[in-house]
Colleague: 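What follows is a single structure, and I will ask about it in a moment.
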Amino acid sequence: MKTNRPTDPILTVENLSKSYSGSTDPGALVLSSVNLSIAKSEFVSIIGPSGCGKTTLMKICAGLLSKSGGTVSFAGKAGTPPPSKMGVVFQSAALLPWRTVLANIMLPATIQHADMDKARQRARELLDMLNLKNIESKYPWELSGGMQQRVSIARSLVLEPEVLFMDEPFGALDAMTREKLNLDLQDIHTRTGATIMFVTHNISEAVFLSDRIVAMAARPGRIADIIDVDLGRPRTQDSYVDEDFREIETRVRNSFDRAAALA
Amino acid sequence: MTNDMISAVTTENPVSSAEPGEPRISSRTRLVNAGLSVLLLVVVLGVLEAVSRSGLVSILLVPPPSAIFSTLWGGLTSGIYWLPLFDSLWAGFSGFLIAALLGFTIGGLLASLPRLERILFPYVVAFQSTPMIAIAPLIIIWVGFGIQSKIVVVTVVCFFPILVNTLQGLRLRDRDRQELAIALGATRWQVFRYIRLPGSMPYVFAGLHVSAIFALIGAIVAEFVGARGGIGTMMNEQRALFNVPGVFAILIILMVVGLTVNLLMKALERRVTFWSREKN
Ligand SMILES: Nc1ncnc2c1ncn2[C@@H]1O[C@H](COP(=O)(O)OP(=O)(O)OP(=O)(O)O)[C@@H](O)[C@H]1O
Ligand SMILES: [Mg+2]
């Protein structure tokens, strides 16, 4: 498949399999023969029914989970991206309740001994961009779920990563905030040129943001389809009602339904 | 309306919000409750006074509250309590500090050496389930009658709650936080310093709180079973003289000290683990 092999891949997954129990028999596999290459600066969404292995795939690519078979390579070398070059947004915000918002966003800089003044400046920019003004000295538990998730997005971006892994970052948000953040994320993607692997349940969100959409099927988790999103950028709020947009959306929905039916 | 305003404020500021399941109480109800508490105390004291004066029981065994308070007042103004009290508090405080230091350090060490922890854990549980205060007489025999033996008793009594709580707090493994640590490339030391240690603080402080009360008990019991000086020894002397009001007066002092220790620990705990009741 041509679309599966970009000319300049930065992240490559070959023949990947995963079983949580350690047993290798087919019934125990959560992921089976997954092949995927992601080009530098590409935005790839992973969609699929709940439990199909999206989070598992993403975490293996980020080096947070061990794999049972196959290879993951980053920038041509076997292995996952080094922490200094990646950012991760978890399905739950995973903020530390004893740190203020600013201190949470600065955590990557603290851990990696980065330039703190620069990181602080960047953190404040991100707070502005994500519409989180005047909360830098609040604590995570004083924020709404949506605000917490935005803080965790700011944390993932503070060191300007080359690769960004995002696991349903907007899952808990209302439609309005979600659309606003989709615009922001597109903006961040365009400005930083980061490579983004984005897990979502939401088809129109996937179409809006992605260069390619990977549809997964369950039991065992595998890639059922890969859909190119040939829409110009920047995409705007009007794009949602665009004819081309609707057509791709329908194609993705059909893949999604077929994948769900396979399970 | 006042009610609504108060609950609006508390929802906006989770620090002062009630714990889940606990009904919100208005300030008026709170005042009434406080009034009823005081009333209860007055009634109980009144009944005791009446019973004691009625001659139904010996005045020697159940002295009237008024006699207890006048003994207490006399003792406070003449200053006889201060030195023994200071003696006991000093032993309690230094024993507590040593236990806190030891319990926390050893807890940290064991939490980072899981193998050793597993080997020692049955003994830790065994010691923790033993009322350690019972070895106070032995310690007096081993260490002698001075202040050192009191400090040792307090240390022994306070050590295990602090150790066990520290271990429990450090042993917590939150998968999200662990994955966050890997994603950030944190070293083992950084994981400890930035994630596990702060995360363990609610447990550590629960242990310190229990131990602070134990420290007072430890010092007094050590004095009961032979250690020299202190408010416990004084109480023992009063008892030997059948000075029941004197014994009660000292009990009241101990009650005040205990309450103070409790409040101090609570305030400290709130300051350090302010985030803990609210998280998630
Ligand atoms: N730690 C684990 N131990 C054992 N099995 C697991 C573990 N984590 C996930 N699984 C299983 O692996 C499969 C894939 O899980 P995963 O979390 O990757 O799904 P997902 O596609 O992200 O689902 P969702 O959309 O609901 O987040 C599921 O069947 C799940 O039960
Ligand atoms: Mg998931």
Side-chain angles (χ1 to χ4, degrees), chain A residues 20 55-56 58-66 79-101 103-114 119 138-145 148-149 151-152 155-156 158-159 161 163-167, chain B residues 7-22 104 165-166 169-170 172-206 208 268-280:
Chain A
Y20 278 101
T55 298
T56 306
M58 190 206 84
K59 283 186 179 168
I60 292 176
C61 290
L64 305 180
L65 268 181
S66 64
T80 56
S84 60
K85 292 190 174 174
M86 73 172 188
V88 180
V89 179
F90 295 89
Q91 210 164 343
S92 68
L95 301 171
L96 302 178
W98 54 85
R99 293 189 144 235
T100 62
V101 165
N104 263 290
I105 299 177
M106 300 279 289
L107 186 66
T110 308
I111 299 264
Q112 289 168 32
H113 306 291
K138 286 206 191 284
Y139 287 88
W141 34 268
E142 296 177 282
L143 311 179
S144 72
Q148 293 183 17
Q149 197 53 275
V151 172
S152 89
R155 178 181 62 194
S156 75
V158 73
L159 294 183
V163 189
L164 197 54
F165 297 97
M166 306 179 92
D167 193 355
Chain B
S7 47
V9 171
T10 38
T11 20
E12 255 177 42
N13 178 11
V15 182
S16 61
S17 84
E19 312 225 345
E22 198 176 280
F104 185 71
N165 277 277
T166 304
L170 289 175
L172 285 185
R173 289 275 197 277
D174 179 304
R175 201 173 69 185
D176 286 341
R177 285 181 196 162
Q178 267 178 296
E179 284 177 347
L180 173 67
I182 304 172
L184 297 178
T187 61
R188 256 171 73 109
W189 165 247
Q190 285 176 323
V191 174
F192 181 79
R193 160 93 174 68
Y194 294 111
I195 297 176
R196 291 175 68 197
L197 185 64
S200 73
M201 280 303 133
Y203 289 80
V204 173
F205 271 84
L208 289 175
L268 193 65
E269 201 171 343
R270 283 240 168 108
R271 274 192 78 89
V272 179
T273 65
F274 63 94
W275 50 269
S276 122
R277 284 180 308 140
E278 274 71 35
K279 80 172 172 182
N280 308 327

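First the proteins, then the strands, lettered A, B, ... as listed; each starts at 1. Quick caveat: nothing in here was measured; it's all calculated off a predicted structure.
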Colleague: Answer whether the closest heavy-atom distance between the side chains of B:Leu180 and A:Arg155 falls below 4.5 Å.
Modeller: yes

Colleague: Heavy atoms only: give me the nearest A:Pro83-B:Leu184 pair and the separation to one decimal.
Modeller: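 In this case the closest contact between A:Pro83 and B:Leu184 is CB-C, 3.6 Å.
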
Colleague: Indicate the atoms forming the closest heavy-atom contact of B:Phe274 with A:Trp98, along with that distance.
Modeller: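 In this case the closest contact between B:Phe274 and A:Trp98 is CZ-O, 4.4 Å.
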
Colleague: Any chance CZ of B:Arg173 has more than 12 other-residue heavy atoms, nucleotides or ligands included, within less than 6.0 Å?
Modeller: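 Atom CZ in B:Arg173 is crowded, with more than 12 foreign heavy atoms closer than 6.0 Å.
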
Colleague: What heavy-atom pair brings A:Pro97 and B:Trp275 nearest, and what distance separates the two atoms?
Modeller: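 Heavy-atom minimum between the residues: O-CB, 3.3 Å.
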
Colleague: Please give me the minimum heavy-atom distance between A:Val88 and B:Ala183, naming the atom from each residue.
Modeller: CG2-CB, 3.8 Å

Colleague: Please round to the nearest 0.5 Å and tell me the distance separating atom CG of A:Leu107 and atom OH of B:Tyr194.
Modeller: 8.0 Å

Colleague: Who are the side chain to side chain contact (heavy atoms under 4.5 Å, CB included) partners of A:Ala109, not counting sequence neighbours?
Modeller: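 Side chain to side chain contact (heavy atoms under 4.5 Å, CB included) list for A:Ala109, sorted by chain: A:Ala114, A:Met116, A:Ala119, A:Leu159.
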
Colleague: Is it the backbone or the side chain of A:Thr110 that comes under 4.5 Å from a heavy atom of chain B, or both, or neither?
Modeller: both

Colleague: Quick one: CD on B:Glu179 to CG on A:Leu65, what's the gap to the nearest 0.5 Å?
Modeller: 5.5 Å

Colleague: Which residues satisfy the side-chain hydrogen bond (donor to acceptor under 3.5 Å, both in side chains) test with A:Ser152, sequence neighbours excluded?
Modeller: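 Scan of A:Ser152 (side-chain hydrogen bond (donor to acceptor under 3.5 Å, both in side chains), adjacent residues dropped) gives A:Gln149.
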
Colleague: Could you measure the distance from the NE2 atom of A:His113 to the CD atom of B:Gln190? Nearest 0.5 Å is fine.
Modeller: 4.5 Å

Colleague: If I take atom CG from residue B:Asp174 and atom CG from residue A:Leu96, how far apart are they, to the nearest 0.5 angstrom?
Modeller: 9.0 Å

